[in-house]
Amino acid sequence: MCFTNYQDFPATGERMSLPPSDPKYNTWTGSDFIDFFKQRAQKTYKGLYGDEIKDVEIESYRICWDASTPTHDFLITSHPHCDGLYVATGGSFHGWKFLPVIGEYIADMMQGTLDDEYTARWAWDKEGGDGHSANPTYQVVGDLQDWIA
């Protein structure tokens, strides 16, 4: 599931979604885990494995903090306002599986040889956009602050 964590960012004075700085929001065990997430994880687990896991208890839970873009495409581009700064981030919560091959594309971007189609798709401020979402199952369902407040 996808959710935000909006908070004030003192460095810029903006409100933005950021991973919490408190490490307790990375791995929870026992009663420290937020009930909403615990129930959601158990429902998903049982939905995937059915009765095969009826006697299996989840001992700990983990949240993987990831960056997402509106279209779920990567951002692999130079920063538009800082010469020499390159960005490789974003995606759709399953971009980690591309780590073994994505370096080639990042190197191409930095050398100015990235294919035009990828340059346009992975741009910082891409033109237009058709509103597509690579994985519509990952829509924002709420904000962490609503569950921990």
Side-chain angles (χ1 to χ4, degrees), residues 1-29 32-34 36-49 52-53 56 58-148:
M1 66 183 270
C2 173
F3 55 92
T4 57
N5 184 43
Y6 277 97
Q7 50 192 301
D8 295 327
F9 187 58
T12 64
E14 296 178 85
R15 189 156 177 77
M16 61 179 65
S17 184
L18 304 165
S21 56
D22 190 330
K24 76 179 183 181
Y25 296 112
N26 294 328
T27 302
W28 288 308
T29 56
D32 290 341
F33 195 74
I34 297 171
F36 174 82
F37 294 118
K38 189 175 191 175
Q39 292 166 9
R40 185 77 180 247
Q42 291 170 345
K43 179 179 178 183
T44 300
Y45 190 55
K46 289 176 184 172
L48 289 171
Y49 298 105
E52 292 179 45
I53 54 99
V56 176
I58 300 173
E59 294 178 7
S60 64
Y61 300 83
R62 180 168 182 84
I63 290 180
C64 177
W65 294 100
D66 196 357
S68 179
T69 63
T71 62
H72 294 172
D73 289 312
F74 292 113
L75 285 179
I76 298 177
T77 185
S78 58
H79 192 284
H81 305 294
C82 297
D83 289 339
L85 177 61
Y86 301 95
V87 178
T89 189
S92 60
F93 301 102
H94 61 99
W96 56 269
K97 67 185 176 189
F98 297 105
L99 289 175
V101 296
I102 198 108
E104 177 181 337
Y105 296 101
I106 295 168
D108 288 348
M109 177 268 302
M110 294 177 73
Q111 295 169 2
T113 59
L114 184 62
D115 182 90
D116 289 343
E117 177 185 349
Y118 292 126
T119 299
R121 172 167 243 159
W122 296 339
W124 183 279
D125 294 323
K126 67 175 92 186
E127 293 293 323
D130 60 6
H132 88 283
S133 175
N135 191 346
T137 58
Y138 290 114
Q139 299 303 321
V140 174
V141 298
D143 190 88
L144 178 64
Q145 298 304 311
D146 295 334
W147 294 303
I148 62 174

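Closest approach of W124 and T77 over heavy atoms only: N-CG2, 3.6 Å.
For I53, the side chain to side chain contact (heavy atoms under 4.5 Å, CB included) test picks out Y45, K46, Y49, V56, with sequence neighbours left out. By the side chain to side chain contact (heavy atoms under 4.5 Å, CB included) test, T89 is found to be paired with A67, L75, V87, residues two or more places apart in sequence or in another chain being considered. When the side chain to side chain contact (heavy atoms under 4.5 Å, CB included) test is applied to L85, the partners found at least two apart in sequence or on another chain are H79, C82.
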Run the side-chain donor-acceptor check on residues 1-13: report pairs under 3.5 Å with partners two or more places apart or on a different chain.
residue	atom	partner	partner atom	Å
T4	OG1	G142	O	3.4
T4	OG1	D143	OD1	2.6
N5	OD1	Q145	NE2	2.6
N5	ND2	L18	O	2.7
Q7	NE2	L18	O	3.3
D8	OD1	R15	NH1	3.4
T12	OG1	E14	N	3.2
T12	OG1	E14	OE2	3.3

Could you pull out every donor-acceptor pair under 3.5 Å between side chains of residues 105-115 and any protein atom, sequence neighbours left out?
residue	atom	partner	partner atom	Å
T113	OG1	D108	O	3.4
D115	OD2	E117	N	2.9

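Every pair tested for salt bridge (Lys or Arg N to Asp or Glu O under 4.0 Å) that includes a residue from residues 74-88 fails, sequence neighbours excluded, so the list is empty.
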